[in-house]
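These notes concern the structure reproduced below.
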There are 2 protein chains.
Amino acid sequence: MASNEQTAALLRDAINRLTRRLRQTRPVGELTQSQFSALTSLDLAGALTPRELAEAERVQPPTMTRIVNRLEERGLVQRLPHPTDRRQVVLSTTESGRSVLAANRRAREAWLGGQVATLSAEEQETLRRAAHIVDRISRA
Amino acid sequence: MASNEQTAALLRDAINRLTRRLRQTRPVGELTQSQFSALTSLDLAGALTPRELAEAERVQPPTMTRIVNRLEERGLVQRLPHPTDRRQVVLSTTESGRSVLAANRRAREAWLGGQVATLSAEEQETLRRAAHIVDRISRA
DNA sequence: CTAAGCTCATTAGTTAAGCTAACGATTGTG
DNA sequence: CACAATCGTTAGCTTAACTAATGAGCTTAG
């Protein structure tokens, strides 16, 4: 029987390897991992303050400021004043942001989707289950 | 039925979230993810040239030069001349490197191991299976 | 009802990690 | 033996993470 630590090590190593592998497949000029992830979260949520988005991405607020800066420079995100609190800012995706996001999603999933396609139905189901378990762990 | 792309997206998102979560648990002064991973690979292999280690870590040679520099500054790794080819260098872990590695491994797995412990035996098995599948994909 | 303190976003400055291009030393080859 | 290839490194750029500090705006306690 594998110990909790052994399972943890297996999981961590597998995740590290896949993370590095995925980084290699990013085409130049496309969104970085952080930009892509932040844009996705924002698009799903509809509108968030920088702090809320930072918390969703598990990053400190200054880090999110920078990511949002780059996205705003490219016109993918907009900063609007908060209706009642003038300290705050409300972030939302632009039309252009949503289409860039969709294009990036397709490109990103091409490689990994191709790999998934080579797996048996049972293996694919294992991956989906594992993804949900990992999500639960990450929230803890 | 989930499409290959949906499964890929689930997997990628789960991995991103856990990666960021794990980064948060790194104590200051400890090895970074890259350092830890490189040191682990080197320790497993015994001795490698910088290029071989870069390939194992799926990183370009200059990136590995920097990582090795930091590890060497801390005395965790040593560079020795190649026996026959004076262009090459042979890297190996030091005694100190191996003990730092072991301590780091324990610290890193404490949090994740704790999370794994809260899962059912079936869920743990799902994670182990998924880790193996992901490893196979990453090698492709 | 205003002064003090809190919260929000941002800026500044550090560290780390990734990349490509270019270089010096060395080896192999035509 | 000259020329090409290889190896590791350096240099220079970008991205991303952090903490500390700042300024603007809100909230509240006296």
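Convention: sequence-line order gives letters A, B, ...; per-chain numbering from 1.
- Atom CD in Glu30(A) sits roughly 18 Å away from atom P in dC19(C) (whole-Å rounding).
- If you measure from atom NE2 of His82(A) to atom C1' of dT7(C), you get 12 Å, rounded to the nearest angstrom.
- Atom CG of Leu39(B) and atom P of dA17(C) are 13 Å apart (whole Å).
- Atom CD in Gln88(A) sits roughly 13 Å away from atom C1' in dC6(C) (whole-Å rounding).
- Between atom CD of residue Glu55(A) and atom CZ of residue Arg58(A) there is a gap of 9.5 Å, rounded to the nearest 0.5 Å.
- Note that the CG atom of Leu112(B) and the CD1 atom of Ile137(A) stand 6.0 Å from one another [nearest 0.5 Å].
- Along DNA chain D, the nucleotide closest to Pro50(B) and the one closest to Arg20(B) are compared, and the more 5′ of them pairs with Pro50(B).
- The structure places OG1 of Thr49(B) at 5.5 Å from CD of Gln88(B), a figure rounded to the nearest 0.5 Å.
- In terms of the salt bridge (charged side-chain N to carboxylate O under 4.0 Å, His left out) criterion, Glu5(B) has no residue partners (sequence neighbours excluded).
- One finds the CZ atom of Arg128(B) at 10.5 Å from the CG atom of Leu11(A) (value rounded to the nearest 0.5 Å).
- Evaluation of the side-chain contact (heavy atoms from CB on, under 4.5 Å) rule for Pro50(A) yields Val89(A), Leu91(A) as partners, not counting sequence neighbours.
- Residues from residues 66-73 of chain B with heavy atoms under 4.0 angstrom of DNA chain C, sorted by number: Arg66(B), Ile67(B), Arg70(B).
- Atom CD of Gln35(B) and atom P of dT15(C) are 14 Å apart (whole Å).
- Between Arg70(B) and Glu73(B), none of the side-chain N atoms (NZ, or NE/NH1/NH2) sits under 4.0 Å from a carboxylate O, so this pair counts as no salt bridge.
- The distance from the CZ atom of Arg79(A) to the OG atom of Ser92(A) is 11.5 Å, given to the nearest 0.5 Å.
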Could you walk me through whether His82(A) and Arg87(A) pass side-chain contact (heavy atoms from CB on, under 4.5 Å), step by step? CA-CA 8 Å; His82(A) 190 281; Arg87(A) 286 172 308 185; over 6 Å; no
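- In this structure, the CZ atom of Arg79(B) is 16 Å from the P atom of dC7(D), given to the nearest Å.
- Legend: residues meeting side-chain contact (heavy atoms from CB on, under 4.5 Å) with Thr126(B), ordered by chain and number and at least two apart, are Thr126(A), Arg129(A), Ala130(A), Ile133(A).
- When the side-chain nitrogen and oxygen atoms of Ser34(A) are compared with OP1 and OP2 of dA16(D), one or more of them lie within a distance under 4.0 Å.
- Summarising the geometry, atom CD belonging to Glu30(A) is positioned 10.0 Å from atom CZ belonging to Phe36(A); distances are rounded to the nearest 0.5 Å.
- Taking a 4.0 Å limit (strictly below) on heavy-atom distances, residues 51-59 of chain B reaches DNA chain D at Arg51(B).
- A close approach under 4.0 Å does occur between a side-chain nitrogen or oxygen of Thr49(A) and OP1 or OP2 of dA9(C).
- For the pair Met64(B) CE and dT10(D) P, the computed distance is 15 Å after rounding to whole Å.
- Note: CZ (Arg74(B)) to C1' (dA16(C)) measures 13 Å, nearest angstrom.
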Under 3.5 Å between N/O atoms: give me all the protein pairs with nucleotides 20-29 of chain C, atom names plus distance.
| unit_1 | atom_1 | unit_2 | atom_2 | d |
| --- | --- | --- | --- | --- |
| dT27(C) | OP1 | Arg86(B) | N | 2.9 |

